*Asks:* 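Could you have a look at this structure, given as structure tokens, before my questions?
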Amino acid sequence: MEGSKCSVTLSVNGTSYTREVEARLLLVHFLRDELGLTGTHVGCDTSQCGACTVLLDRKAVKSCTVLAVQADGCEVTTIEGLGRIDKLHPLQEGFWEKHGLQCGFCTPGVIMTAAGLLDENPHPTEEEIREGLEGVICRCTGYQNIVRAIQYAADRTHQAEPEPVVEVAASAPTGAQDSLRQEGEDA
Amino acid sequence: MSTVFGQVVKRREDPRFITGRGQYTDDVQLPGMLYAAILRSPHAHARIVSLDVEGAKRVPGVVAIYTGRDLAEPMGTVPTAWIPPESSLKTPPHHALAVDKVRYVGDGVAMVVADSRYAARDALDLISVQYEVLPAVVNQVEAMRDGAPVLHEEAPDNVAFHWQIGNVTDEVFNQAEVVVRHTIRQQRLVPNPMEPRASVAQYNPATGELTVWVTSQNPHIHRFILSGILGIPEHRLRVVATDVGGGFGAKIAVYPDEALVAFAAMDLGRPVKWTEDRREHFLATTHGRDHVEELELAGTRDGRIQAIRVRAYANMGAYLSTAAPGVPTILFGLIVPGPYTIPYVGVDVYGVFTNTTPTDAYRGAGRPEATYLLERMVDLYAREIRMDPVEVRRRNLIPADEFPYHTPTGLEYDSGNYHLALSRALDMADYDGFRRKQQELRAQGRHVGVGVTTYVEICGLGPSQVAGAVGFQGGLWESSTVRVHPTGKVTVFTGSSPHGQGEETTFAQIVADKLGVPVEDVEVVHGDTARISMGWGTYGSRTTPVAGSALAVALDRVLEKARRIAAHMLEVSTEDVECADGQFYAKGAPSRSVSFQDVALQAHMAWNLPQGVEPSLEAQAFYDPANFTYSFGTHICMVEVDTDTGDVRIDRYIAVDDCGRVINPMIAEGQVHGGIVQGIGQALWEGAVYDEQGQLVTGTLMDYAMPKARFFPNFETAFTETPSPHNPLGVKGIGETGTIAATPTVVNAVLDALAPFGVREIQMPLTPERVWRSIQEGGQRS
């Protein structure tokens, strides 16, 4: 039932937001309904599908299984903050180049999952990529082109090193992208 | 002409999706919007004795609560839109919310509208319903027995319809050298597009205009049917389904839910949103398949199939969904003879009401069921006559010189080269080499197997005259408008409603190919009844052959007018104008030319048009195809079975498909990949299970096994191209082939691997436990 409100402060895609929210509010609803960042999707209610995956302090997490209050003080990166249309993240490029999406609904979560995967393992084998996708479900692509897309991004990132995998949109209104990058590296 | 047709072009829809800027229905946010939640029956069959909403009304934020009794008068019932002829179809009323009785777990009982998602859910918990639980029946064969619980008084034997087709007689079977008999159960599946169903409705009482955003594969069908349920005229009703996160058949149907949301928006004068959660998807979105089939095949000792006879019991669930009666009849029965020259066919189908979620189209819709039973029977027949299953197929495939080919079920296959696809796939697979290796591995105690499917698919639904003849309550033509702007940029409005299939790109390729403009200059608009005059939607692998052809016809009209204007500008006669790469030339004088953009500008300026030519450059076409079109191909799978654990590993998967001319090989391949995975999902993992009381025990993604990335090797795909002779692009459909072919291919491969154990049948899904048990039982069960 409706409870008392709590104050939370989150940095989302480099911008700091403070909101009064119900303690039970899910992070995904905070992002979608409070901030209007509808790129993060809800595909299930049991943490299987991964459509809601975002980076929380640089780790890929399912935002349907995190309360907004648990993310208090954290840095969140959503698909909107990963890259922008004129400067796509290598994963976004890879998904476009390799036809890694069809209906596009699972795509933001799959891309964020892959970002987490490549952050931990920048040069995954095909098998490691397929294992790394265990937490997401795509009903359209049959996964093969998702694997190719992630391989493409890994190759591109490898060529472009030492650029970090997680890149914050340059359009973020504050200078917070630098702090995210630093904190991410510290983590 | 440009060569963009047939080339890989990166998808034009992707930039918005990879940056999180798509707009799916649940992304729609409107000022003052309310949220709806629907209370669903926890019982499979029960009378509603009393319903108390007072406690729920006191939840802060609750604005309104509606029950079945509240809405029975003001709202119409939810109809089915497919009435197969001579089938004695029963259409008991399907109220948007149950009035006196619930008939499946998930049947809507009440709707709460509140100012937040959370408040609406809170209130559901406080609605008090007293039920008198009735006996339930979930199995369609049991539901037909005397004394079974009756769902609807209009169908006292629970039979929703009985439909037959064919020319087979008992005599054919009595005289046959070989008769194979078998019973197959094709399990129930949950479509599970990753985007749950959702609807947002906004009503303007001053204008009487209602806008409904809905997760739909066919917004104009939604408008047509919602208009009837709500009693709102079509010209006051706008249905929008721009970005839809997959459908697989589940978003064809018009459900009670979107009608309820629209009713509430009109009643309350505020926008209302409803989004199902995944558990609701499992309970209240249509399921697919669920057949029990009694099968007989008659053939000769030398491998000629003479007859196939099918008696199918199709589980329709508790109510008849929008397209449901057409799926196990027209889309199933007519294609039972498949790609073979089988002279005698008999199909007898009972559609049966049970206390389960209604079924309807699921990717392939009827055609996977037909292909599965046929390909399983061909393998059993091959085993019976001790002939290689590929050789049996070779002896029965329709030869390339027999097209157009007429089946005993009344279909006319337009074109095909079935042997070519088969031989290409066998080469890719090194089939003979595999058979030799299989012997060696068996000697080492390893159990590998190969499955081969040759299939043909009805696609490109379809001529409207046929739609009428088979009882579909709509047309099956398609519309296209091509609007050329003054600068030569082009907007296409299509009546089909793609939701992942990539037509924003492939249709732009068709335009670029015809008009010689860059793909980037073309915008494809779909999924909005206010912007598109009419259309019948995306299903039945019809978008490319039907809507693509409508586009081709409209483009020809644009081109014809442009040519007249160009001739006028070049001061030559229209016959003397040639067109290539976006330029119009005077014949024999290629230095004298005007560009398509020049012509577009002059068409709009209209300062000096030829006599009798109207200003502007826009054309519309309403294209009704001459016939269905028939994609086909061969799929081959190689598996290894771990006989200690029953685990099946897919080692290789080869797909050779023929969808006529391929517009964009990357997109076509992607359709095949996705289809294969869904088909293998049915073969190995997926299955909706009800207990005896009608509880869905596989009600979440924790209990229903969806295919994951690590289950698969890379698929090896190829295309042969046999154009359809009767549409202007020579195209066929590719969206469903993988699903149709993959299921029998994998099951046949597993049964081939287990042949030394005498295993003849394992019921899908072939889970490790079922495979292991069948090995232990050594084929004693059949």
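In what follows, chains carry the letters A, B, and so on, assigned in the order in which the sequence lines appear, proteins first and then strands, with residues in each chain numbered from 1. Quick caveat: nothing in here was measured; it's all calculated off a predicted structure.
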*Asks:* Given the options Val110(A), Leu37(A), Asp45(A), Thr40(A), which has more heavy-atom pairs under 4.5 Å with chain B than any of the others?
*Replies:*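 With the most close heavy-atom pairs to chain B, the winner is Asp45(A).
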*Asks:* In terms of heavy-atom pairs under 4.5 Å with chain A, which of Pro196(B), Gly247(B), Ser116(B) leads?
*Replies:*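 Looking at each option in turn, the highest pair count goes to Pro196(B).
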*Asks:* Measuring heavy-atom distances to chain B, does Val147(A) have an atom under 4.5 Å in its side chain, in its backbone, in both, or in neither?
*Replies:*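 Neither part, no heavy atoms under 4.5 Å.
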*Asks:* Tell me, for Ile676(B) versus chain A, whether the close heavy atoms (under 4.5 Å) come from the side chain, the backbone, both or neither.
*Replies:*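 Contact with chain A involves no heavy atom of Ile676(B) at all.
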*Asks:* Can you tell me if Ser496(B) and Glu503(B) form a side-chain donor-acceptor pair at under 3.5 Å?
*Replies:*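 Looking only at side-chain atoms, Glu503(B) and Ser496(B) do not form any donor-acceptor pair under 3.5 Å.
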*Asks:* Determine, for Arg156(A) against Glu97(A), whether the closest basic-nitrogen to carboxylate-oxygen distance falls under 4.0 angstrom.
*Replies:*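 So Arg156(A) does not pair with Glu97(A) through a salt bridge.
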*Asks:* Heavy-atom cut-off 4.5 Å, strictly under: side chain, backbone, both or neither for Val136(A) against chain B?
*Replies:*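 Only the backbone of Val136(A) comes within 4.5 Å of chain B.
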*Asks:* Given heavy-atom pairs under 4.5 angstrom as the criterion, report whether the side chain, backbone, both or neither of Arg121(B) touches chain A.
*Replies:*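 Neither part, no heavy atoms under 4.5 Å.
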*Asks:* Does some side-chain heavy atom of Tyr704(B) sit less than 4.5 Å from a side-chain heavy atom of Glu686(B)?
*Replies:*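 Touching, per the 4.5 Å side-chain cut-off.
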*Asks:* Just give me the residue among Gly39(A), Ser47(A), Gly104(A), Gly36(A) that pairs up with chain B most often, heavy atom to heavy atom, under 4.5 Å.
*Replies:*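 The residue among Gly39(A), Ser47(A), Gly104(A), Gly36(A) with the greatest pair count is Gly104(A).
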*Asks:* Would the number of heavy atoms belonging to other residues, nucleotides or ligands and lying under 6.0 Å from CD of Glu127(A) be above 12?
*Replies:*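 Result for CD/Glu127(A): open.
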*Asks:* Of the listed residues (Cys140(A), Cys106(A), Pro108(A)), which shares the most heavy-atom pairs with chain B below a 4.5 Å separation?
*Replies:*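 Most pairs with chain B among the choices: Cys140(A).
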*Asks:* Counting only heavy atoms closer than 4.5 Å, note whether Gln671(B) contacts chain A via side chain, backbone, both or neither.
*Replies:*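 For Gln671(B), the contact with chain A is made by backbone and side chain together.
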*Asks:* When heavy-atom pairs shorter than 4.5 Å are enumerated against chain A, which of Arg363(B), Met706(B), Arg11(B) gives the highest number?
*Replies:*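 When all of Arg363(B), Met706(B), Arg11(B) are compared, Arg11(B) has the most.
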*Asks:* Return the option, out of Gly502(B), Pro713(B), Pro15(B), Gly246(B), with the maximum number of heavy-atom pairs under 4.5 Å with chain A.
*Replies:*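 Winner by heavy-atom pair count: Pro15(B).
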*Asks:* Taking Thr242(B)'s backbone N and O only, do any of them form a donor-acceptor pair with Gln23(B)'s side chain (distance below 3.5 Å, no angle check)?
*Replies:*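 Flag not set: sc Gln23(B) to bb Thr242(B) has no pair under 3.5 Å.
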*Asks:* Measure Pro498(B) against the heavy atoms of chain A and call it side chain, backbone, both or neither at under 4.5 Å.
*Replies:*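 No part of Pro498(B) comes within 4.5 Å of chain A.
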*Asks:* Are the side chain of Arg139(A) and the backbone N or O of Gly674(B) linked by a donor-acceptor pair below 3.5 Å?
*Replies:*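 It does not hold such a pair.
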*Asks:* Please classify the contact between Ile129(A) and chain B as side chain, backbone, both or neither, with a heavy-atom cut-off of under 4.5 Å.
*Replies:*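 For Ile129(A), there is no contact with chain B at all, as no heavy atom is under 4.5 Å.
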*Asks:* Closest heavy-atom contact between Thr9(A) and Ser16(A)?
*Replies:*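 Minimum heavy-atom contact is CG2-OG, 3.6 Å.
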*Asks:* Would you call Glu504(B)-Arg12(B) a salt bridge at under 4.0 Å N-O?
*Replies:*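 Arg12(B) and Glu504(B): not salt-bridged.
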*Asks:* How close do Val54(A) and Ser63(A) get, counting heavy atoms only, and between which atoms?
*Replies:*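 Nearest pair, atom of Val54(A) first, then Ser63(A): CG2-CB, 4.0 Å.
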*Asks:* Would you mind checking which part of Leu101(A) comes under 4.5 Å of any heavy atom in chain B, side chain (CB onward), backbone (N, CA, C, O), both or neither?
*Replies:*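 For Leu101(A), heavy atoms of backbone and side chain both lie under 4.5 Å from chain B.
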*Asks:* Side chain, backbone, both or neither: which part of Tyr24(B) has a non-hydrogen atom closer than 4.5 Å to chain A?
*Replies:*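 Contact with chain A: side chain only.
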*Asks:* Using non-hydrogen atoms and a 4.5 Å limit, figure out which bit of Tyr143(A) sits close to chain B: side chain, backbone, both or neither.
*Replies:*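 Contact with chain B: side chain only.
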*Asks:* Taking the side chain as every heavy atom from C-beta outward, state whether Leu91(A) and Ile150(A) have any atom pair closer than 4.5 Å.
*Replies:*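 Answer yes - side chains close enough.
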*Asks:* Only pairs of heavy atoms separated by less than 4.5 Å count here; which of Ile18(B), Val677(B), Thr275(B), Val8(B) has the most with chain A?
*Replies:*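 Counting heavy-atom pairs under 4.5 Å, the top option is Ile18(B).
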*Asks:* Could you check whether any side-chain heavy atom of Ser497(B) comes within less than 4.5 Å of a side-chain heavy atom of Val244(B), counting everything from C-beta outward?
*Replies:*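 They are not in side-chain contact.
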*Asks:* In terms of side-chain geometry, is the basic nitrogen of Lys59(A) or Asp57(A) positioned less than 4.0 Å from the acidic oxygen of its partner?
*Replies:*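 Here Lys59(A) does not pair with Asp57(A) in a salt bridge, since their nearest N and O are not under 4.0 Å apart.
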*Asks:* Just by distance, with hydrogens left out, do Thr543(B) and Thr538(B) show a side-chain donor and acceptor under 3.5 Å apart?
*Replies:*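 Distance-only check passes for Thr543(B) and Thr538(B).
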*Asks:* Checking heavy atoms, do the side chain of Thr700(B), its backbone, both or neither come under 4.5 Å from chain A?
*Replies:*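 When you check distances to chain A, only side chain atoms of Thr700(B) fall under 4.5 Å.
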*Asks:* Under a 4.5 Å heavy-atom cut-off, does chain A meet the side chain of Asp26(B), its backbone, both or neither?
*Replies:*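 Interface part for Asp26(B): both.
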*Asks:* Looking only at heavy atoms and a cut-off of under 4.5 Å, which of Gly100(A), Cys49(A), Cys103(A) has the most pairs with chain B?
*Replies:*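 Among Gly100(A), Cys49(A), Cys103(A), the one with the most close pairs to chain B is Cys103(A).
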*Asks:* I need the minimum non-hydrogen distance between Tyr362(B) and Gln678(B), along with the two atoms involved.
*Replies:*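 Minimum heavy-atom contact is OH-NE2, 3.1 Å.
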*Asks:* Check each atom of Gln29(B) against the heavy atoms of chain A and say whether the ones under 4.5 Å are side chain, backbone, both or neither.
*Replies:*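 Contact with chain A involves the side chain of Gln29(B) alone.
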*Asks:* Go through His41(A), Gln92(A), Gln102(A) and name the one with the most non-hydrogen pairs under 4.5 angstrom from chain B.
*Replies:*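 Ranked by contacts with chain B, first place is Gln102(A).
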*Asks:* Please rank Ala119(B), Pro191(B), Ala709(B), Gly670(B) by heavy-atom pairs under 4.5 Å with chain A and give me the top one.
*Replies:*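 The option with the most such pairs is Ala709(B).
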*Asks:* Restricting to non-hydrogen atoms, name the atom on Arg148(A) and the atom on Glu669(B) that form the minimum distance, rounded to 0.1 Å.
*Replies:*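 Scanning both residues completely, I find the closest heavy atoms to be NH1-OE1, 3.4 Å.
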*Asks:* With a 4.5 angstrom heavy-atom cut-off, could you sort out which part of Met666(B) is near chain A: side chain, backbone, both or neither?
*Replies:*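 Backbone plus side chain of Met666(B), per the 4.5 Å heavy-atom cut-off to chain A.
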*Asks:* For Ile667(B), is it the side chain, the backbone, both or neither that has a heavy atom under 4.5 Å from a heavy atom of chain A?
*Replies:*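 Contact with chain A involves both backbone and side-chain atoms of Ile667(B).
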